[in-house]
Every structure is written in structure tokens, then in C-alpha cells.
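Just so it is clear, the model here is predicted, and its values are computed rather than measured. Throughout, protein chains are lettered first and strands after them, A, B, ... in sequence-line order, and every chain is numbered starting at 1. These values consider heavy atoms only, across backbone and side chains, with no hydrogens, waters or symmetry-generated copies.
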Amino acid sequence: MDNAISREVERVDARAKARGETPYLADRIFENRLYARVVRARVPRGTIVNRNTPSLPPEYHYITAADVPAGGKNCVRMIKDDWPVFAETEIRYYGEPIGLLVGPDRQGLAELLEQFEAAVEYRKREAAVNLEEGLRLKGGPIHGEDNLFADLHTSKGDPERTLAEAARIIEREFHTGHQEHVYIEPQALVGTREDGKVTIYISTQCPFYVRKAVATTLGVAAEDVVIVQTPTGGGFGGKEHYPDVLATAVAVALTKINRPIELILDRMEDLEFTSKRHPSRVRYRVGLDESDNIVALDVDMVLEAGAYESSSRVVLQRGMFSSNSVYEFPNVRVHGRAVATNNVPADAFRGFGAPQGLFAAEMLMSQVARELGVEDVELKQRYLLRQGSTTLTNGRIHEEVKLPEMLNHILNESGYRRKRSEYGAGNGRGIGISLFKHGSAFTGNGEPEIIKARVRIRKRADGRPELLVANVEIGQGVLTTFRKIVARVLDIPYTEVVYSNHNTAQVPDSGPTCASRSVAIVGYLLQQAAEKLKGRLQEPGEFEVEQVYEHPAHLHWDAETLTGDAYPAYSWGVNCVEVEVDPLTYEVTVTGVWTAYDIGRAIDEGVVRGQIVGGAIQALGYAGLEKLQNSEGRFLQHTMADYCIPTSLDFPSVRYTLFDNPYQYGPFGAKGAGEVVFDGIAPAFGAAVQQALDREVAHIPLTPEYLSELADGTDSAFHAQRPARTADAEPATTTP
Amino acid sequence: MSRDWIHPRSLQEALAVRAERGAVPLSGATDLLVRHRGVAGTLPSLNAPIVWIGHLQELTAVTADEDELRIGAAAVYTDIAAHPRTPAILRQTIAELAAPAIRNVATVGGNIGNASPAADAVCTLYALDAEVELASVTASRRVPIAEVITGPGQTTIGDDELITAVYLPLGQDEFWFYRKVGTRRANALSKLALAARGRLDGRRLADIGVALGAVAPTVVRSGELEHRMRGAAADDIAVMRDELIAGYLALVNPIDDQRSTRRYRLRVTENLLSELFDRRLPFSLEGSAEHRGSRSPRR
Ligand SMILES: Cc1cc2nc3c(=O)[nH]c(=O)nc-3n(C[C@H](O)[C@H](O)[C@H](O)COP(=O)(O)OP(=O)(O)OC[C@H]3O[C@@H](n4cnc5c(N)ncnc54)[C@H](O)[C@@H]3O)c2cc1C
């Protein structure tokens, strides 16, 4: 197989999007439509004592839990059924939906909303609004007896004994914060009835998730609900499950109101009340022998899940399985917990637990190196996973691991070793390196047991192949890459391939658009299906070929004990970030970002570049800028002015190099690329700041406020220096 | 809910509407309509009539004579920055204020009228000894900017008055130092800011103005501390710098908020003042103009 498929082509959606012609939901007008607003609780925790429901003007409707049809269920079905569509009496977070106002005029709705929300009387309860308060059961448990949505263990070797016998133990603790997705298009949907069926037009990553949730709430068969994905302005995980929350509410309203209902969140509402990335606390105990070899790792990871479980159990698993990064230690024990708090539920966000685990693991390694007095790259190199290595879940690394090559490349390209010694410690400049991996596809038995993806390709009467899959374009390029895969098998131009149907009644369930699985899993199914179509395009009439997911036979997973191959394959990365910290203001200037990835093979280098650059900038925002601070159950930052995501002036351009390493079960050798590009930036940034300040970094975001506290202290070399440099740092350029 | 939008044809008409109906002036709208915005499809939640003033020619001009720059209250930042006589420190302030699209519509009149402690132009205008011209149908007055702004959102602008212009003395300053610390690199609101400018007379400080933004309810400027600096030589400043810094820190009173912390604001204010006194007063430079205007090196 050559890598001609990697050659960049024009994205099929690029022109219309650049010209502003793509019709997003807010651009469409459904005849006779009504608008909806979510009525939200105004306490972070408590019970509703009296709703004092005001009276409604004509043509307005108020929908609550009481309207959920008999046979249905007042829950948003994700993994558990604990998240209600509408709170009945118990309130678990500020902004929790308690009803839906529907009416013809948005001005009228805004006024009613204020009245309805203000009228409700609550008995307030003490809220637990961060991870520590959740663990302490502040205000009493929110969930069960112990506030834990998940309490998981996995281990390898004999961690008890090796830790007990270790010559030395090094301990560290790391924290990461909330992060908001800030997709450009806020959450949006229009619900209506077509041919008697509840039909939802929606901005989503996962049409079949929405269908499952709506069918459960209404108590109808899944086939009686139709979901149509509309052009989706970004997701990043924020449109993986959260759309279910809004779709179920509108679906309940549709049982009472026979008109199209539009629910589009305002940006501030979206910022404040939709799901976020899980904050984390990771504690390590590292066991070393007499010769300073790491012999055991003890990991205690806690994720803050917020008010309801959503995907927290699975996010936690990915976090746990990332908590040793790319290193093979003989003995490892990981304890993971997802703790309930009175915050908006945390859910999927690009990386899905891995960024938290990898930040902690990579910072740990760099701090262990500091403590042992060795260069962190040298320490890391000693333990790199290789083909055949045993993972912490006792699975195998099946593929060739190109990390040594990638690391060398980055070391040379960035001038790491020279800069590392030249900058010294605490002089305001630093450079950091991270190594990491990201498992493509669902964790454990997700693909064979839960998703069981299925794709079809229709040979149309006009001779063109049409893709029938559930995966959707969310800005990541799948409209182009899927076409390219099939076109290449059939040896036709990619523009000949039709891929425009995003209706659950008409496409098979190939699973959600998440988990770096679309190209790696579904793309491969399409490649296999296309093989069946090969040579048949000239046949008359219309027919379909189908391909169902088959789990590679060499993979094993035990979901009870969390042992085996947690992922079919991994994408690998090495990142290097260089910084200067302003000694007056502690603002960090990133002066270079170098990245190397093994994603198997790029299906389209342009699309992959988009992922790499976007992922790096989003992760730099996570690492250095984006802060959500809780005050009495509400985030202080709920405008775009105060929740600051990077602009193009904040960070330099990102260099990247791809290492071709075709994967047997990926389309033309491709593995996932959507998340690995996010995972490694924060720890590289952290390590660089650590050198610049000569201080250990324990949490992100590394805001100037936090840096100023780190830099304080009489022994700080950093504070002694004053700026002498005059030249602005040269911005790096992108070199493929 | 105001559905009452008045579009006057002249300043006189605007002043009349303001006096008669208590109409709220609207210039670039980048503060007022942001503050009162509702969700999509709704009107701003403002209960007074609104009078547009951003289009009034009497208010949009930037003009200069020998020793004074007159900036119309409704002149947009882009135009102010483009005027050849605009002081470099103000041009730098504008370059770091908001983003190009905002600078094309937003005005200094709005920055003053909004009276946010974090208003960037206001901070620099304090340092530049700006005077504000206020007019009503019957009268016009000119007052130092510090007498216009009294607290967050609080001004001494009369119910019947409009800001018509801002005046800056010209041609005096030889050095300046400006540093805005924002929440990010562009399109960011200030966590704090320092604007300083002045003039040397031989080897002594002939004049200096130091303004600190976003660290107190209003911009902090101290006549007393500046008086002590006037006439000082490099050695004197080196001796006084601790007291000067302590003097300024006694005047500021920053808060913890969604953008930063009191602790950080104090620490960085102290750092920036140290930088100013230790390095940015160009005693040692022999008049090379390009070395006399500066901001911190790396941004
Ligand atoms: C995205 C964004 C970024 C921003 N970034 C910055 C920044 O970096 N720094 C900064 O300082 N500000 C920033 N702002 C705030 C704002 O742009 C500035 O304060 C601007 O100067 C306001 O001018 P305006 O003409 O838009 O004011 P308007 O919104 O029209 O008016 C503001 C207030 O002043 C009153 N007013 C206006 N003109 C007059 C007058 N002639 N007489 C009496 N009262 C008057 C109005 O009634 C109102 O109360 C930002 C705003 C946005 C939306």
C-alpha cells in the first residue's frame, strides 16, 4: 500500500462553509414554528417546595415532567437513566431544567421565562461544588451512599508487594480543571412531526444516541423516532450526549403541541449550562528500587462528574488507562472514582479522560526525573512501551511503536537538548516534551458488544455509490475522508461518491461520531464494503452492499476486571512546547510547538493538519487560558469575554510531522487522529513552564495568577531576573 | 423595554432629546448593547429612550492645533489611531484594545461614559492629562477626566449633558511606558493596566504622569507622588522607588473577580511600577526617540 491517499484534496464542504452558505439550523425556517426556552432551577441544590406556576398567555405552553407520556420515562437515556429530562422535586445543579416554555414570540418567552424561574420556591441544601467537596459528601451524598458514580480498579503485576518493598517512594498530586467546548454553533434543534413520527432536526455528533434517548423518554419504538442531523458547527464531544438532554425535552413538548418547535441555546446559556470536561485529581506513588528504577506505580484518579452520571464511567476508564502514559512498569495499580457534585454534569470532551491522565502521568515523569536528578527525556526513554509490551490492563501492544524515531525527530527539530541546557532553571524560558498515546475507538468491548457498527453502500441507478452511515461531519472532515476511502477502492473520483443522508430512518447505525473511531472503525467498514462493490458499478439498477463490524480475533477484553486489550490500536504522539514567561506579568508566550504523530496513515493530510493545529491550540487554551471557577454552584465565567479561548494571536503556528505506520485493521492503514492531537500539549506546556520557573507545576490551567504564586518565594531565581531581551520571539512556521 | 430609538440630525437635536426625554446616548453600542443584550430575537432590556449619536459629524472629528488634540466623543478608535498627532501611548493603547471590528465602531466617549474600572482608553487619558468637554443645550464645560468618573459606572455627567470631546495637551512628552495585562493576547479585557508618560529636562524628570487601571474603583493617579518625582534625577528615583511603589500600592485596592485575583493584581502592579522606575525612565538614554516609547519587550 502506498500513501497516495494521504495527498490533500479540497474538502467537499469547504467552499460553502467559507462562504457562509451552509445552512445551519438557525438559518432554516420551519413553517408555523414555535420557539422554546428551558426553564432552569436557580439553586445549585435543593428541592422544589412550590412552583407557583404563573398563568400562561394564549398560544404559550409550559411543559414539565408531568407531561412525559405514560409508558415513557422522565430520563435522558445515555448509559444510566439517572438524568431526568425535567427535574421533579430534587435539584442537583444550578440551571437544571425544570420545564420548557414554548410559544410563538421570543420576546414573550423571555419575559415569561423570568417570571417562571423567579416564581419557584426551593428548600436549599448545602451544595458540593468541587471534587473535594463531593468526596467529603458535603451536604450529604448526592448519589447513593458515597457519591461515586464509578469506583473502579485495575492492576498488573504485584503492586502491593513491590510498593511495600520499594527502596523509595515518590509522591505527587495533579489537578486539571473544567473546560467548555465552545463549538461555534450552539446547541440547536427543531422537533416536529412528519408522517406521524416524532422527527428531530438537530446539530449532533450522534443521531442514534438522540433516537435512543427520545424513544426511551416517549416510551415508543426507536423506529418511531426519526433523527436528522443538520450541518453541525463543531462538537468536540459537547454534541455527543448533550443534544439528548434538549431533544428529549422538545420531544415531550411534541406530545402536546402539534407544531414545529425550535430550541436553540443562546451562547451564554450554552456556556453556563451544557456539559464540560471532567476536572481531575490524580495522586501517584512511585516505587523505586535501590538503583532508582521505577518498579511500581500506584495511581488514585478522581474525576468530578457533576450532577449526573452521563458518560463518566467510560471517561474514567480512559483516564485510568492513560495514567501511565506510554511507559511500561512491571507493577501498576489504578484506583479510579467518578464523584458526584452539584455542578453541571461533565461529559465527553475531545480526549475523553485521556488528557487528564496524560497530563498527570507526563508531569509525574518530569518531576520524578527532577527529583532523581536526571533529564526527563532520559528517564522516559528507559520505560517506553514497545511492540509486545504489556499494558496496565494486561493487554498487548500489537503494533510497531515508533516513539523512539518520533522522539529523535522532535528532539532534533526543536533543538530540545541544547535549549534545555541553555535556558537553565528559573530564567523565564523553558522547553518541555511529552510522549503519549490514544486508543482509537471505544474502550474495551464497546465496539463488538455495544456499538456493533454496520454500514451500507448503495449502488445507485446512476452508477454512483452512496454511503449510508450514521457518522456525521462536525468540522473534522469526514465528508471528505469517507468519500476518499471508498473512491480509492472503486478507483473513481472522490467527488463521485454521494454522502448526504443523515437520517436515522434511512441509514444503518454505524455508531456515534466520537472516540477517534469514525475513520479508524467506520472508514474500515466502508473500505471493506467498497471491496464488495468493486467491479459492480456498471451493473444495472440499484442495490446495496453491507458490512458489519468484526472484532479482530487477537483482541480480548474482560469488562468485569478491566483486563485485556483496552483498545484495538493506538495513535502515538510526541509534542514539544517552548515558552517564555514574562517576569513582570507571568504571562506565558509560547515560542514554539513541535509535534509528531503516528496515526497509522493519514487519509488526507489537509484534514489531519486541521486536526493537529486545532487540537494543539484548543489544548493550549486548556493548559494556559481557560478557567471555570465555581462560586456557590455557578461558574463566574459565563461570557465569551471572561471564558477566554485562544485567538490566532495567542499561540504560534504548529509544526508537525507524520510517521507512516499503516494499521492492518484501519482503512488504508489509518488509525484515529481526532483526539491524540489534543492529549499531549498540556504536559509539554507544563514541563516548559516548570523549567522557566524552576518550580513544579501541579495543575492546569496554568494561568498567570497561578504562575505568580508559583514564582513567589525568596529562593526564586525567576523573580531575581528582569527582562533584558528586546527582540520579539520569531513565530514558528508550519512545515509539513 | 425600549422601542424608542431616536436618530437626531444634529448635536443640538441630540442634546435637546437628552434634556427633554432623558434619552440614553448610544455611540458604538459595544458596551451599552452588550450590557443590556437579551437572547436572540429579543430587544435589549433598556427602559429609557435611546438617542443615537455615533453618526453626528460634530462628534466624530479628530483635530489638532499647535498644542492640543481634540478627539470628538464619537470618533472611533480606528480614526483616533490614524491621526498623525495622536500621542504614541494612546495609539499603543488602542492597538491593544478589543479587536479591529470593535475599534471600527467603538468610541472614547463610550469608554468614558461606561466608566468601567477596566476601561483602557480612560486609563491612558488619565496619564495624558485629558480634559473632557461636556455640553448641554444651554452650556458647555471642560473638566479634568478624573472629575468625570467617580466610580464603576458612576459619572458626573449631567442628565441633560453629553460628552462632546476629549482634549489632550500635545508636544510635551518624551517618553512613555504602557502595559496592559489582559485575559489573553487580543480582544481581551484588562486585568490591570499601567500607562505612564513624561518628559526629561536635562537629567531630571520635568514631568510625569502615571495611571493605574483596573486596580481600584477608578483609575489611580497621584498628584502627590508625581510631585515628589518631578525634578528628580536617576539617583533620586533609585532612592525613592521603594517609597513610591509603596505609595501607589497604598492607593490601589484591587478585587478578586472572574478575570483575576487581588493578589495577582497587586503583585503585577508592583512589578510594573518597579519596571517603570528601575528601567523605563530614560535618564541614561541620549535622546534617541525610538528608545523613548516602549512597552514590555515580549508582547
Ligand atoms: C468584544 C469586545 C471587546 C472589548 N474590548 C475592550 C478593551 O479591550 N478595552 C476596553 O476598554 N473596552 C473594551 N470593550 C468595551 C467597549 O468597546 C469600549 O468601552 C468602548 O470604548 C465603548 O464605546 P462605544 O462607543 O461602543 O460605547 P457605547 O456602548 O455606545 O456607550 C457606552 C456608555 O457610554 C455612554 N455614552 C456613549 N457616548 C456618550 C457621550 N458622548 N456622552 C455621554 N455618554 C455617552 C452610553 O450611554 C453608555 O452608557 C470591548 C467590548 C467588546 C464588545
| task | Evaluate the ring pair (Phe, Tyr, Trp, His ring centres under 6.0 Å) criterion for residues A:Phe635 and A:Tyr643: first the C-alpha distance (whole Å), next the side-chain angles of each, then the deciding distance (0.1 Å), finally the verdict. | result | CA-CA 10 Å; A:Phe635 293 123; A:Tyr643 185 74; 8.8 Å; no
Whatever's closer than 4.5 Å to a heavy atom in chain B on A:Arg37 counts as side chain
Turns out that what part of A:Ile645 lies under 4.5 Å from chain B's heavy atoms comes down to both
Applying a strict 4.5 Å limit to non-hydrogen atoms, the region of B:Arg37 in contact with chain A is side chain
If one checks every heavy atom of A:Ser631 against chain B at 4.5 Å, the contacting part turns out to be neither
Does a donor on one side chain sit under 3.5 Å from an acceptor on the other, for A:Glu705 and B:Thr261? no
By residue number, those in residues 244-256 of chain B with heavy atoms under 4.5 Å from heavy atoms of chain A are none
* Side-chain H-bond candidate by donor/acceptor type, A:Gln637 with A:Gln629, under 3.5 Å -> yes
Against chain A, residues from residues 188-197 of chain B with at least one heavy atom under 4.5 Å, in numeric order, are B:Leu189, B:Lys191
Cut-off 4.5 Å, heavy atoms of chain B, and the answer for A:Ala641 is both
Side-chain H-bond candidate by donor/acceptor type, A:Glu578 with A:Thr591, under 3.5 Å: yes
Applying a strict 4.5 Å limit to non-hydrogen atoms, the region of A:Leu625 in contact with chain B is side chain
- Determine whether the side chains of A:Asp650 and A:Thr647 contain a donor N or O and an acceptor N or O closer than 3.5 Å. yes
Applying a strict 4.5 Å limit to non-hydrogen atoms, the region of B:Arg265 in contact with chain A is neither
